[in-house]
Amino acid sequence: MPLMRYLLAIIALFAVWLLWGGLYKTPVLQLGIASCALVAWLTHRMALPDQQEHRFALLYRVPRYWLWLLWEMVVTNIQVLRLVLGPKSALSPTIVDIDAAASSKFALTLLGNSITLTPGTLTINIDDTRITTHCLTRAAAEDLRGGAMSRRVAAVDPD
Amino acid sequence: MLLVAAIGILVTMALALTRALLGPSVYDRVLAVNMFGTKTVLLIAVMAFIMGRTDFLDLALAYALINFIGVMAVLWFVQESRRRQRSQSTSEAPAENTIE
Amino acid sequence: MNEILDLIAGLLVVAGSVFVLAGGIGALRMPDFYTRIHGASLTDSLGPVLVLGGLMIYAGLSLIAVKLAAVMLFLLVTSPTATYALANAALLSGLRPEGVEKTSTDPETPA
């Protein structure tokens, strides 16, 4: 439904425009709407239109996931802080594959980025069925293979 | 306290520059430059509050955008030049870490 | 009340800069490229969240806080993407991680 996509893109762009604009007079606002529409059209021409449906349920599921991710980031940051300042013998780099065969593109992106965002684990390759990660220690690799993060992401995007 | 944080971020930027100079591979340098860029964003944000000029935050966001696009452009350039090099010399073994 | 909030904000910003500084040290002293990324990603995860979060407390409920939140959101979305692009480019170019044990060959990798 391209019209819906255009409309959502223009609304989102205009919200950002209003946030950074600071000058609210009618001709300026008209110019703003026109430039937002132009950008939406250019983006539509430039990129492959994404195949996903808009799922508004994500709007409340994703922030809940972020809260969990924030806590996870605190824990792993402190672990890596110790590793970085400690002796190099504590490192045991490990490469682990994570099965992601059932995931949608959105879930794959979310999981890959979340893995990179928590220090100590790093996404180095993604194909359609699995995510290859580089981990700083064996323990971090074991945590990742435990699959807590994959399950959380699957709960955010169940398809 | 903000001044302490600003100094900490500045020192980190100096460390990133050291890594960019040391290399050894291109990717280390790109990593360091990317780090330098994201730390610049933080530094601008902190400086905006130290100097009481919160309009600097617009610059911080613009810098974040430019940094991201810049890193992508450099990576694309590196990959493309490697691909061209490889197609020129297909008989040789694939070169590892040759570009400094 | 205001002093306490300012103190908390200052502490958050300083804590963030400690993580950033540790990440800088990590990027300098880790042994190979892939472990250096882990060091650098330390400066990209909790550091910005704490620094910008602390500044948001300083700013209070205002347009400035919204802008700071936008900067933070943008950094948190783009920095792992850039890191992934970098690591993937290095991997595809044939830069091998050092001293790695590979445990992925197990047939039953938990999902």
Side-chain angles (χ1 to χ4, degrees), chain A residues 16 19-20 22 66 69-70 72-85 88 91-103 109 112-126 130-138 140-142 144-147 150-151 154, chain C residues 15-16 18-19 21-35 37-47 49-50 53 63 66-67 69-70 73 76-84 86-92 96-106 108-111:
Chain A
V16 175
L19 186 58
W20 261 270
W66 278 345
L69 186 65
L70 187 66
E72 199 71 358
M73 271 160 65
V74 171
V75 173
T76 54
N77 263 279
I78 292 168
Q79 283 170 358
V80 175
L81 187 80
R82 286 214 187 119
L83 283 172
V84 159
L85 300 177
K88 279 176 193 160
L91 305 179
S92 50
T94 311
I95 286 190
V96 179
D97 284 359
I98 293 173
D99 180 30
S103 308
T109 314
N113 268 8
S114 307
I115 288 171
T116 309
L117 206 53
T118 48
T121 55
L122 168 72
T123 307
I124 55 176
N125 199 16
I126 298 181
R130 72 213 151 111
I131 296 177
T132 309
T133 63
H134 182 277
C135 305
L136 203 50
T137 61
R138 277 199 75 103
E142 289 306 318
L144 208 53
R145 287 186 44 179
S150 316
R151 276 196 299 277
Chain C
V18 168
F19 279 109
L21 190 58
I25 295 169
L28 203 59
R29 74 180 279 260
M30 287 284 126
D32 83 316
F33 170 68
Y34 292 92
T35 46
I37 297 185
H38 289 294
S41 82
L42 198 57
T43 73
D44 276 342
S45 62
L46 203 57
V49 173
L50 287 179
L63 190 63
V66 179
K67 283 184 184 179
L73 191 66
L76 287 184
V77 171
T78 58
S79 72
T81 311
T83 308
Y84 165 70
L86 181 65
N88 194 241
L91 187 76
L92 292 182
R96 293 279 144 220
E98 267 172 38
V100 153
E101 43 185 315
K102 189 155 165 100
T103 62
S104 60
T105 40
D106 303 15
E108 73 292 344
T109 319

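Residue numbers start from 1 in every chain, and the chains themselves are labelled A, B, ... in the order their sequence lines are given, proteins ahead of strands. The analysis underlying the following values was restricted to heavy atoms, covering all of them including side chains, and did not include hydrogens, waters or symmetry mates.
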Checking heavy atoms, do the side chain of [X], its backbone, both or neither come under 4.5 Å from chain A?
| X | answer |
| --- | --- |
| C:Leu46 | both |
| C:Leu91 | side chain |
| C:Asp44 | backbone |

Mind checking the [atom1]-[atom2] spacing from [X] to [Y]? Nearest 0.5 Å is all I need.
| X | Y | atom1 | atom2 | value |
| --- | --- | --- | --- | --- |
| C:Leu86 | A:Ile124 | CG | CD1 | 12.0 Å |
| C:Leu42 | A:Ile78 | CG | CD1 | 10.5 Å |
| C:Ser79 | A:Asn113 | OG | CG | 8.0 Å |

Is chain C contacted by the side chain of [X], its backbone, both, or neither, given a heavy-atom distance below 4.5 Å?
| X | value |
| --- | --- |
| A:Thr121 | backbone |
| A:Ile115 | neither |
| A:Val16 | neither |

Would you name the heavy atoms of [X] and [Y] that are closest together and state the gap between them?
| X | Y | value |
| --- | --- | --- |
| C:Ser45 | A:Pro119 | OG-CG, 3.3 Å |
| A:Met73 | C:Val49 | CE-CG2, 4.0 Å |
| C:Ala87 | A:Thr123 | CB-O, 4.2 Å |

Compare all side-chain heavy atoms of [X] with those of [Y] and state whether any distance is below 4.5 angstrom.
| X | Y | value |
| --- | --- | --- |
| A:Val84 | C:His38 | no |
| C:Leu76 | A:Trp66 | no |
| C:Tyr34 | A:Leu136 | no |
| C:Tyr84 | A:Asn125 | yes |

If you tally heavy-atom pairs under 4.5 Å between each of A:Val74, A:Thr76, A:Leu83 and chain C, the highest tally belongs to A:Val74
Select, from A:Thr109, A:Leu81, A:Val80, the one with the greatest count of heavy-atom pairs under 4.5 Å involving chain C. A:Leu81
Winner by heavy-atom pair count (cut-off under 4.5 Å) against chain A, out of C:Leu92, C:Leu50, C:Asp32, C:Thr81: C:Thr81
